[in-house]
Amino acid sequence: MKKRIIISALCLACAFAATAKEEILKSPDGRITVNFSAFLYSVTVDGDTVIEPSPLSMTLTDGTVYGGDARLRGVVRESVNRTLPTHVYKRASVTDRYNQMTLKYKDFNLVFRAYDEGVAYRFVSKSSVKFDVRSECADFRFPGNWKAYVPYCNRDEGTALEEQLACSFENTYEYVSLKDWDRTRAAFLPIVVESPCGYKIAITEADLFNYPGLCIQNTEGATALTGVHARYPKDVEQGGHNNLQGVVLSREDFIAKDCEPGAAFPWRVIQIAREDKELAGSDMVWKLARPAEEGDWSWVKPGKVAWDWWNDWNIYGVDFKSGINNDTYKYYIDFASDNGIGYVILDEGWAVNLQADLMQVIPEIDLVELCAYAEKKGVDLILWAGYLAADKDMDNVFRHYSQMGVKGFKVDFMDRDDQEVVNFYTRCAETAARYKLMVDFHGAYKPTGLQRTYPNVVNFEGVHGLEQLKWEDSDKQVVYDVTIPFIRMMAGPMDYTQGAMRNAARDNLHPVGNEPMSLGTRCRQLAEYVIFDAPFTMLCDSPSNYIREPECTGFISAIPTVWDETVALDGRIAEYILMARRSGHVWYAGAMTDWEERDMKLDLSFLPSGRYKVKIYRDGINADRAARDFAIEERVVSSEETINIHMAPGGGWAASFEPVSE
């Protein structure tokens, strides 16, 4: 309670600061305007207010305030319009066009950027020595009791507010008005708020380094949302899942320590979409992230991964006992090799349990032999690691397995975003890059652009993915699937782990650990490979099941995981999504619906002029009852045509388009 009072008092101090000249920043197209005065900012779009005057400030432990009555010493303005090449992304290049306003003060600068798709601001310190941050005031005040898509922190009811921030960042969305926000609960980012004018306002952050992540709360039942941070951990003990997590016992009275001189703090991002589909194609977080260091990143090879954990190593039709052993992994490697799958992952279980020591391998696994076998088959291996195990002697562990031939790590169960864990992400990415290892972060907070700074960071969880259906029987997953492309995915790639070959209609789902199923149709699973951004994409099901489904396996095997072009064609949050992507000369399109049976038209004008051989995977006539029912069509179409799409409830649709030589 004391912490909340301090922050609220600071916000009020900002709000009643002496009247100052108003500084105005407009987006390049002139439609978005930021107004700033006396440490209050507001945002309008075409004259409509979407953010009312909202306070912002930062307080250091020595009493210095970035805000309050600080006197403005000057303003520097600039305009940027450039094209940026990308590494491991959903398009080959990104247009970076914005206007920027830097407000100069004695101890700090405050920087605003205005893009055509939104605005962002950040503090930049002028300190010449290291310093600690006690608190930050980051408010987002809306003009009315608007509706919001809220992913509450997934902790038990009644959990203390700060304890909620130590979570896995996996939850479905509650669609509530701002005043009905549960005041006892915080939410993780991104969130989306809807204006009556039709705008969608997405709030998140970018370029998060050496600072805790931002979450959101509404403690007053008003239309204002307030940022909240986990305080710096004071006492941490080993515990949690299989003794692989850091359990925080107590915290300091500040949120960040040892901030570097001249530190640039995270961008507070407000993306404004006039159409929902703009969120699904967003580049804003990527653009605000710091670029990778110049050098050779060609060794980063995104691709698809044959995954063992979701299907519980449950293979059949073999003459050995399946499980966590070399025979089973050789079977996975053979499957990957036969189907052009680049990677096989050894998930939890290959290292000795409860030891948090990645140098202790169980006797059933011979990693040297597996690496040699995989190399002979043209397949690479990825290893799973718990957070504390990865952090223990990280340099030695990464060097050891890199020399063995392992190509990356899936690091899991951080389940926090305080400064200590945020710094772990950076240290892990940097150390992995030194040994040319890729990283997939699970048990992770949302992406904030680290994948741009370190292109070897190829995916993040922070998503209520398919794994949840191993133990949940809720029908919310289908609606969630057509919500995340507009909200969670605007922050960056997401390891949803799709590809189930056992599919359940709405009333047929039941949780099962060793033969799990997905909710919705088979073609929905295929469409997710088109729609979900995931440079490192899992094939979640058993190789034995894929072998029995060659048509679907062929589609999954062929589809790229990074793209030259991405186009969000149509969609409405929580209802449906239609996207197209290009790799080389080949285009893919995918669509998904909620629980409504849906008919759509796909205008092929997104294709360059010409004729194309199209291969369509569509829901079968009985897919509403037998979700595995699907049909395949092949024909030649023109870019001037329109294709009719029909989807069953919980359904999907996917297609590839290859140019036909005249």
Side-chain angles (χ1 to χ4, degrees), residues 153-156 159 163-170 188 213 230 233-251 305 307-310 312-313 323-324 345-365 367 381-401 406 408-432 437-445 450 457 459-465 467-468 470-471 495 497 513 536 538:
C153 296
N154 53 316
R155 293 295 301 270
D156 294 336
T159 302
E163 292 178 18
Q164 294 178 39
L165 305 184
C167 69
S168 64
F169 307 95
E170 303 167 284
F188 53 85
K234 183 177 182 180
D235 296 303
V236 181
E237 70 175 10
Q238 183 175 349
H241 177 84
N242 283 348
N243 224 24
L244 294 169
Q245 294 177 280
V247 179
V248 180
L249 303 179
S250 65
R251 295 184 181 272
V305 188
W307 187 31
D308 52 359
W309 180 88
W310 191 80
D312 198 33
W313 301 266
I324 305 174
I345 188 169
L346 280 69
D347 210 286
E348 185 173 14
W350 66 271
V352 175
N353 195 25
L354 301 176
Q355 298 304 303
D357 184 353
L358 296 176
M359 303 302 285
Q360 297 187 39
V361 182
I362 64 172
E364 294 84 358
I365 293 291
L367 277 174
L381 299 185
I382 305 295
L383 298 179
W384 182 93
Y387 158 51
L388 284 186
D391 205 25
K392 181 193 292 185
D393 199 15
M394 183 187 294
D395 189 86
N396 181 52
V397 167
F398 282 12
R399 180 179 61 250
H400 173 75
Y401 287 110
V406 169
F409 279 88
K410 173 183 172 182
V411 185
D412 205 347
F413 289 113
M414 287 73 72
D415 288 0
R416 290 158 42 204
D417 69 347
D418 52 47
Q419 186 192 21
E420 183 179 81
V421 167
V422 169
N423 288 347
F424 165 78
Y425 279 64
T426 307
R427 186 169 63 254
C428 184
E430 183 178 37
T431 306
L437 294 169
M438 297 182 295
V439 181
D440 175 9
F441 285 117
H442 258 237
Y445 57 80
L450 186 66
V457 177
N459 220 342
F460 298 81
E461 194 182 21
V463 64
H464 190 272
E467 67 176 12
Q468 305 291 332
K470 285 170 68 78
W471 49 78
D495 202 354
T497 65
F536 212 55
M538 303 289 172

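Only a predicted model underlies this, so the values are computations on that prediction, with no experimental measurement involved. Both backbone and side-chain heavy atoms feed into the values below; hydrogens, waters and symmetry mates do not.
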Would you say the side-chain atoms of [X] pair up with the backbone N or O of [Y], donor to acceptor, closer than 3.5 Å?
X: D235; Y: L249; answer: no
X: N396; Y: R399; answer: no
X: Q245; Y: H241; answer: yes
X: R416; Y: V248; answer: no
X: E461; Y: G443; answer: yes
X: N459; Y: F536; answer: yes
X: Q164; Y: R155; answer: no

(request) Tell me, please, which residues at least two apart from D357 pass salt bridge (charged side-chain N to carboxylate O under 4.0 Å, His left out). (result)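 By the salt bridge (charged side-chain N to carboxylate O under 4.0 Å, His left out) rule, D357 matches no residue at all.
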(request) Going by the ring pair (Phe, Tyr, Trp, His ring centres under 6.0 Å) test, name the single residue among Y425, F460, F188 that passes it with Y445. (result)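 Going through Y425, F460, F188 one by one, the ring pair (Phe, Tyr, Trp, His ring centres under 6.0 Å) with Y445 is satisfied by Y425 alone.
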What are the two closest heavy atoms between [X] and [Y], and how far apart are they?
X: L358; Y: A385; result: CD1-CB, 3.6 Å
X: V411; Y: Y387; result: CG1-CA, 4.3 Å
X: W307; Y: T497; result: CZ3-CB, 3.3 Å
X: L346; Y: D308; result: CA-OD2, 3.6 Å
X: V457; Y: A429; result: CG2-CB, 3.5 Å
X: D391; Y: R427; result: OD1-NH2, 2.8 Å

(message) Quick one, V397 and K392 - any side-chain contact, counting heavy atoms below 4.5 Å?
(response)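 No, every pair of side-chain atoms sits at 4.5 Å or beyond.
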(request) Decide yes or no for E348 and N242: does some side-chain heavy atom of the first lie under 4.5 Å from some side-chain heavy atom of the second? (result)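 A side-chain contact under 4.5 Å exists here.
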(message) Would you call the rings of F441 and F424 parallel, tilted or perpendicular, taking 30° and 60° as the class edges?
(response)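 It falls in the perpendicular class, over 60°.
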(message) Ring-plane angle category for F398 and F409, please: parallel below 30°, perpendicular beyond 60°, tilted otherwise.
(response)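 Rings of F398 and F409: parallel, under 30°.
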(request) Kindly determine whether D440 and I345 satisfy side chain to side chain contact (heavy atoms under 4.5 Å, CB included), including the steps that lead there. (result) CA-CA 11 Å; D440 175 9; I345 188 169; 5.8 Å; no
(message) Determine whether H442 and W384 satisfy the following criterion, side chain to side chain contact (heavy atoms under 4.5 Å, CB included), listing intermediate values before the conclusion.
(response) CA-CA 10 Å; H442 258 237; W384 182 93; 5.7 Å; no
(request) Apply side-chain contact (heavy atoms from CB on, under 4.5 Å) to I324 and list each qualifying residue two or more places apart in sequence or on a separate chain. (result)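 Listed in chain order: W313, Y329, I362, I365.
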(message) Between K410 and D495, does any side-chain N to carboxylate O distance fall below 4.0 Å?
(response)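 No, K410 and D495 are not salt-bridged.
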(request) Check the pair L437, Y401 against side chain to side chain contact (heavy atoms under 4.5 Å, CB included), reporting the backbone distance first and the verdict last. (result) CA-CA 9 Å; L437 294 169; Y401 287 110; 5.8 Å; no
(request) Assess whether salt bridge (charged side-chain N to carboxylate O under 4.0 Å, His left out) is satisfied between D418 and R251, documenting all intermediate values. (result) CA-CA 10 Å; D418 52 47; R251 295 184 181 272; 3.1 Å; yes
(message) Could you tell me if T431 and D395 have a donor-acceptor pair between their side chains, going purely by distance under 3.5 Å?
(response)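 Result is no, nothing qualifies.
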